[in-house]
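Labels below follow one simple rule: chain letters A, B, ... track the order of the sequence lines, proteins then strands, and each chain is numbered from 1.
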Amino acid sequence: MTPAERAQRTLRRTAPWIAVSLLLMAAVYVRALAFTPPEAAQGLAQKIFYVHVPSAWVAFLAFGIVGSVSLAYLVRKDPRLDLLAAAAAEVGMVFTTVVLVTGPIWGKPVWGTWWTWDARLTLTLFLWFVVLAYLVLRGAVQEPERRARYAAVLGILGSLLVPFIYVSVYLFRTVHPMPVVLRAGGPTLPGSMRVTLFFSLAVFTLFFAVLLRYRFALARLAEARARAAAERADA
Amino acid sequence: MPENGGFMVAAYVVAAVIYLSYSLVLLRKGRAAR
């Protein structure tokens with residue numbers, strides 16, 4: 001089987017999983033809206049938590065992959081690693097966009113403002129711009145090896161923001177709340193809310209994995225076709 | 001409890017639109033490539 005045929009098979013097999021993930025996400029909405037109690041002080045707006053936090057977790061995961069895979073690319077120079085980093089960056093960008101949109105919609109009723117130049121919010125916005133620069137850079141450099149090398153360096157630098165964003169609520173005076181599950185001393189989130197959060201985290205992670213696999217297969221298919229066309233032109 | 005369900009609905013709808021749109025774009029690209 002040629003690389004192009006393998007990529008096509010992956011696309012065919014992964015497509016139904018995108019639909020499955022979207023259905024599971026609908027189930028997360030039903031669980032969060034109808035079967036999870038509203039928080040006493042914040043009211044219904046607190047339920048934005050079940051979309052905002054899992055999206056942020058996936059964004060961290062995606063840029064963790066971008067950073068580590070980019071580093072591996074610089075060591076091993078395997079073009080598949082470059083394509084995987086690019087796929088993770090694009091999909092991660094979508095989740096980060098959701099974080100940056102749902103955050104202010106939650107902030108307005110709870111903090112009284114759509115946006116504040118707080119450490120965590122500002123760093124997340126920086127990360128979004130770095131990933132945008134990463135994707136623009138990839139579009140601007142034509143030569144594949146040079147594109148991969150430049151992108152890997154930017155990918156590693158961008159991913160270094162992730163741990164800073166995570167610890168920013170501890171390091172700086174910030175309006176953003178602290179973690180309620182992954183914290184020293186155990187979770188403070190009540191049981192039914194915790195179940196909904198874990199369900200949502202699992203579904204968002206699956207959704208990310210499926211999108212990443214699909215996007216990676218698309219990139220591999222394009223690359224295989226470009227290589228075949230170049231070989232035909234040489235012959 | 002504060003009345004702020006509108007914000008919740010807005011956030012859920014925006015997130016769904018973004019995720020659904022990206023999924024459809026990817027699937028369309030995949031179908032075109034196949």
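In this structure, chain B has heavy atoms under 4.5 Å from both the backbone and the side chain of A:Val91. Contact of A:Leu11 with chain B is made through backbone and side chain together, with heavy-atom distances under 4.5 Å. At a 4.5 Å heavy-atom cutoff, the contact between A:Leu221 and chain B is made by side-chain atoms alone. Looking at A:Phe208, there are no atoms closer than 4.5 Å to chain B (heavy atoms on both sides), in backbone or side chain. When heavy atoms are compared at a cutoff of 4.5 Å, A:Ala41 approaches chain B solely by way of its backbone atoms N, CA, C and O. Only the backbone of A:Ala40 has a heavy atom closer than 4.5 Å to any heavy atom of chain B. For A:Val94, the parts sitting under 4.5 Å from any heavy atom of chain B are the backbone and the side chain alike. Using a 4.5 Å cut-off between heavy atoms, A:Phe95 touches chain B through backbone and side chain atoms alike. If you measure heavy-atom distances from A:Ile48 to chain B, the contacts under 4.5 Å come from both the backbone and the side chain.
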Check every N and O of chain A against chain B and note each donor-acceptor pair under 3.5 Å, with its distance.
unit_1: A:Tyr29; atom_1: OH; unit_2: B:Tyr12; atom_2: O; d: 2.7
unit_1: A:Tyr29; atom_1: OH; unit_2: B:Ala16; atom_2: N; d: 3.4
unit_1: A:Gln42; atom_1: O; unit_2: B:Asn4; atom_2: ND2; d: 2.7
unit_1: A:Leu44; atom_1: N; unit_2: B:Asn4; atom_2: OD1; d: 3.2
unit_1: A:Ala45; atom_1: N; unit_2: B:Asn4; atom_2: OD1; d: 2.9
unit_1: A:Lys47; atom_1: O; unit_2: B:Tyr12; atom_2: OH; d: 2.5
unit_1: A:Ser55; atom_1: OG; unit_2: B:Tyr19; atom_2: OH; d: 2.7
unit_1: A:Glu90; atom_1: OE2; unit_2: B:Tyr22; atom_2: OH; d: 2.6
unit_1: A:Arg225; atom_1: NH1; unit_2: B:Ala33; atom_2: O; d: 2.6
unit_1: A:Arg225; atom_1: NH2; unit_2: B:Ala33; atom_2: O; d: 2.7

Which donor-acceptor pairs under 3.5 Å do the side chains of residues 133-140 of chain A make with protein atoms, sequence neighbours left out?
unit_1: A:Tyr134; atom_1: OH; unit_2: A:Arg138; atom_2: NH1; d: 3.3
unit_1: A:Arg138; atom_1: NH1; unit_2: A:Asp82; atom_2: OD1; d: 2.9
unit_1: A:Arg138; atom_1: NH2; unit_2: A:Asp82; atom_2: OD1; d: 3.3
unit_1: A:Arg138; atom_1: NH2; unit_2: A:Asp82; atom_2: OD2; d: 2.9

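Between A:Val69 and A:Leu84, the shortest heavy-atom distance links the atoms CG2-CD2, 3.9 Å. The two residues A:Ala59 and A:Gly92 make their nearest non-hydrogen contact at CB-O, 4.4 Å.
A:Leu44 CG to B:Met8 CE: the interatomic distance, rounded to the nearest 0.5 Å, is 5.0 Å. Note that CD1 of A:Ile18 and CG of A:Leu206 are 10.5 Å apart. Values are rounded to the nearest 0.5 Å.
Side-chain contact between A:Val210 and A:Val20 is absent, with no heavy-atom pair separated by less than 4.5 Å. Between A:Leu125 and A:Trp117, the closest side-chain pair of non-hydrogen atoms falls below 4.5 Å. Looking at A:Phe49 and A:Val180, their side chains come closer than 4.5 Å, going by heavy atoms from C-beta outward.
Partners of A:Thr122 under the side-chain hydrogen bond (donor to acceptor under 3.5 Å, both in side chains) rule, at least two apart in sequence or in another chain, do not exist in this structure. The salt bridge (Lys or Arg N to Asp or Glu O under 4.0 Å) test applied to A:Arg120 returns no partner, not counting sequence neighbours.
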